[in-house]
Amino acid sequence: MENNFNTRKTIELSGRKITLLGTAHVSRESVLEVEKTIEELRPESVAIELDDNRLQNLKDPDSWKKMDIVKILRKKMGFLMLANIVLASYQKRMGSLQKVKPGEEMLAAVNKCQELSIPTTMADRPVAVTLRRAWAKNSLFGKFRLLTILVLSAFSKEEVTPDEIENLKKKSEMDTMMNSLSDYLPVIKEVLIDERDYYLASKIWESKGNTVLAVLGAGHMAGVEKQLELIASGKDDGSRIEEISKVPPKSFGAKLATWIIPGLIMALIGAGFYFGGVEEGTDLIGNWILWNAALAAVGAIIAGGHVLTVISSALGAPITSLCPLIGIGVVSGLVQAVVKKPSVSDMETLQEDAGSIKGFYRNRILRVFLVFFLSSVGSSIGTFVSGARFVSIFAKLFSIF
């Protein structure tokens, strides 16, 4: 029987009975509802909106302490990790208001199934793949907007009532949120919602037995139901699952562009020497070094970086801006991590500190990510500013000829 929020729906497809149970991820009521539903239905199997890594993190809350920040930066995953930390901090704050941990209803489903010896399927796509796909498919401006949304959400001090948490399970509320996200960040909506609806539905359909319970966030219910109907009717064979389970490789054009732009800059500097002589060529080099070095250093200073971090940002930015293999954020972040090595206490308070600006400056791990981010932004701005200077100098040269 459906409840007042329409968060439980049973559909019959090809002789199978699949029950979708929608939850709010930081709701005490959802935890109780999940346990009650499993007890009542005793399905042959249960599909849960988790992946193996997230399940392990729920079972081991201290997993954050095992994070290797140097390894993360070297693998060029700084932006992704920063987004993940900020999002986790926001969910933790939301959950603390209701005295429930984010994802506790999913863990409750796992524990109840173990108690009743019911097979489970971790039906969600690995969060690392989802974040990397969202990042890879987005434009530079889209990446910035995504981080802005996450940071503003994390720093928001707006109180959320239990009724508002439960309202997240209302279909009308969720539709409004999804439509807004689609308009503002269509690529993110495609990756976070549409692709995962497809992935979840495919894994739910693969679950064994004729009676299956799927425990998932309420925002996925409509999309998953629609996809299940397509699979059951034979209109979709689930073949896209392999494609959306991988991070899309850079196109040939994108790979080429990462080398063409530095090459073009070097060519323009050479042309400056050829057409304008030593004075104009030196002016171009000086502007490139000045703006990249200065703005990367300013970014490191704003982030509260160590003096050696600021110096390394200034020295490294003009070089890394011309080398696609490494960014200045990686260099400055690594220096900051070495000279101000994070402690165990920083690991322990990571998610809590990520919920405030003061916390970012207080926590040494978050300070590393702040240095990484702001020095990268500074160098990027410096590249555009010096590029504009290149244009003005060549406009002057061509007007002479």
Side-chain angles (χ1 to χ4, degrees), residues 70 72-82 135-136 138-147 250-274 276 278 280-339 368-395 397:
V70 172
I72 289 169
L73 292 176
R74 284 177 175 171
K75 287 188 172 183
K76 300 182 181 180
M77 295 179 65
F79 283 111
L80 296 178
M81 194 64 198
L82 178 59
W135 196 254
N138 233 317
S139 64
L140 179 63
F141 184 57
K143 291 180 175 70
F144 179 76
R145 293 174 81 178
L146 174 59
L147 284 175
K250 282 187 177 181
S251 65
F252 177 76
K255 290 179 180 178
L256 193 61
T258 59
W259 290 101
I260 286 179
I261 294 175
L264 181 61
I265 291 170
M266 295 297 292
L268 289 174
I269 291 175
F273 277 103
Y274 182 81
V278 174
E280 293 295 352
T282 303
D283 190 17
L284 285 172
I285 293 176
N287 273 278
W288 178 260
I289 294 175
L290 173 64
W291 286 110
N292 270 276
L295 293 182
V298 168
I301 291 171
I302 294 174
H306 188 275
V307 62
L308 292 179
T309 303
V310 175
I311 292 173
S312 66
S313 298
L315 294 177
I319 300 172
T320 58
S321 296
L322 296 174
C323 179
L325 299 178
I326 189 171
I328 189 57
V330 175
V331 175
S332 59
L334 288 174
V335 172
Q336 181 69 22
V338 170
V339 297
V368 169
F369 284 116
L370 201 59
V371 165
F372 164 84
F373 178 66
L374 292 181
S375 61
S376 297
V377 170
S379 180
S380 296
I381 295 174
T383 298
F384 282 109
V385 172
S386 56
R389 177 62 176 160
F390 277 31
V391 172
S392 66
I393 289 178
F394 272 91
L397 287 174

Q: Measure across S375 and S313 and return the closest heavy-atom pair with its distance rounded to 0.1 Å.
A: CB-OG, 4.1 Å

Q: Just how far is it from atom CH2 of W288 to atom CE of M266, taken to the nearest 0.5 Å?
A: 10.0 Å

Q: Return the minimal non-hydrogen interatomic distance between I289 and P318, and the atom names on each side.
A: O-CG, 3.8 Å

Q: Checking side-chain contact (heavy atoms from CB on, under 4.5 Å) for the pair I328/V331: CA distance, chi angles, key distance, verdict?
A: CA-CA 5 Å; I328 189 57; V331 175; 4.1 Å; yes

Q: Between V371, V335, V339, which is the residue that forms a side chain to side chain contact (heavy atoms under 4.5 Å, CB included) with S312?
A: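 Looking at V371, V335, V339, the match for S312 under the side chain to side chain contact (heavy atoms under 4.5 Å, CB included) is V335.
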
Q: Nearest 0.5 angstrom please: I301 CD1 to L295 CG, how far?
A: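 It is 10.5 Å, given to the nearest 0.5 Å.
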
Q: As a quick check of understanding, evaluate side-chain contact (heavy atoms from CB on, under 4.5 Å) for F273 and T282, giving each step before the final call.
A: CA-CA 7 Å; F273 277 103; T282 303; 4.0 Å; yes

Q: Of all the heavy-atom pairs spanning Q336 and H306, show the shortest one and how long it is.
A: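 Smallest heavy-atom distance, with atoms named: OE1-N, 2.9 Å.
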
Q: Taking all heavy atoms of A317 and all of N292, pick out the closest pair and write down the distance.
A: CB-O, 3.4 Å

